[in-house]
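In what follows, a structure is listed as structure tokens, so that the remarks can point back to it.
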Amino acid sequence: MENKTARFTVLLDPRKKRMFEEICSAQDQTPSQVVRQLMREYIIAHSGGRELPEWLMKAAAKTRMR
């Protein structure tokens with residue numbers, strides 16, 4: 001399981017934030033869940049041949065199974 005203790009702060013346009021939150025809610029997901037998913041996918045897609053940890057690949061596989 002991923003360690004969810006680190007904080008990541010992002011500044012964005014309030015309109016985009018509101019729209020993002022509405023879409024997340026409509027999909028029964030929190031914005032944090034979606035951002036974590038996007039980050040996992042980005043890391044995997046742009047790893048540049050790095051060996052990726054098993055926990056990351058397992059978490060990504062779970063998300064794809066939904």
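- Listed by chain and number, the residues in a side chain to side chain donor-acceptor pair (under 3.5 Å) with Q27 amount to none (sequence neighbours excluded).
- A donor-acceptor contact closer than 3.5 angstrom links the side chains of E41 and Q37.
- Contact check for V34 versus F20: side-chain heavy atoms found under the 4.5 Å cut-off.
- Atom SG of C24 and atom CE of M19 lie 12.0 Å apart (nearest 0.5 Å).
- Judged as a ring-ring contact (aromatic ring centres under 6.0 Å, His included), and not counting sequence neighbours, F8 has no contacts.
- The side chain to side chain donor-acceptor pair (under 3.5 Å) test applied to S25 returns no partner, not counting sequence neighbours.
- Separating the CG atom in L12 from the CZ atom in R18 is a distance of 11.0 Å, to the nearest 0.5 Å.
- Residue I43 is grouped with residue M57 when hydrophobic side chains (ILVMFWY) are merged at heavy-atom distances under 4.5 angstrom, including chains of intermediate members.
- The two residues A59 and R40 have their closest heavy-atom pair at CB-CD, 3.5 Å.
- Sorted by first and then second residue, the side chain to side chain donor-acceptor pair (under 3.5 Å) pairs with a member in residues 42-54 read E54-K58; sequence neighbours excluded.
- Residues that satisfy the side chain to side chain donor-acceptor pair (under 3.5 Å) test with E22, not counting sequence neighbours, are absent from this structure.
- To the nearest 0.5 angstrom, M39 atom CE is 10.5 Å from L56 atom CG.
- In this structure, the side chain to side chain donor-acceptor pair (under 3.5 Å) partners of D13, at least two apart in sequence or on a different chain, are R15.
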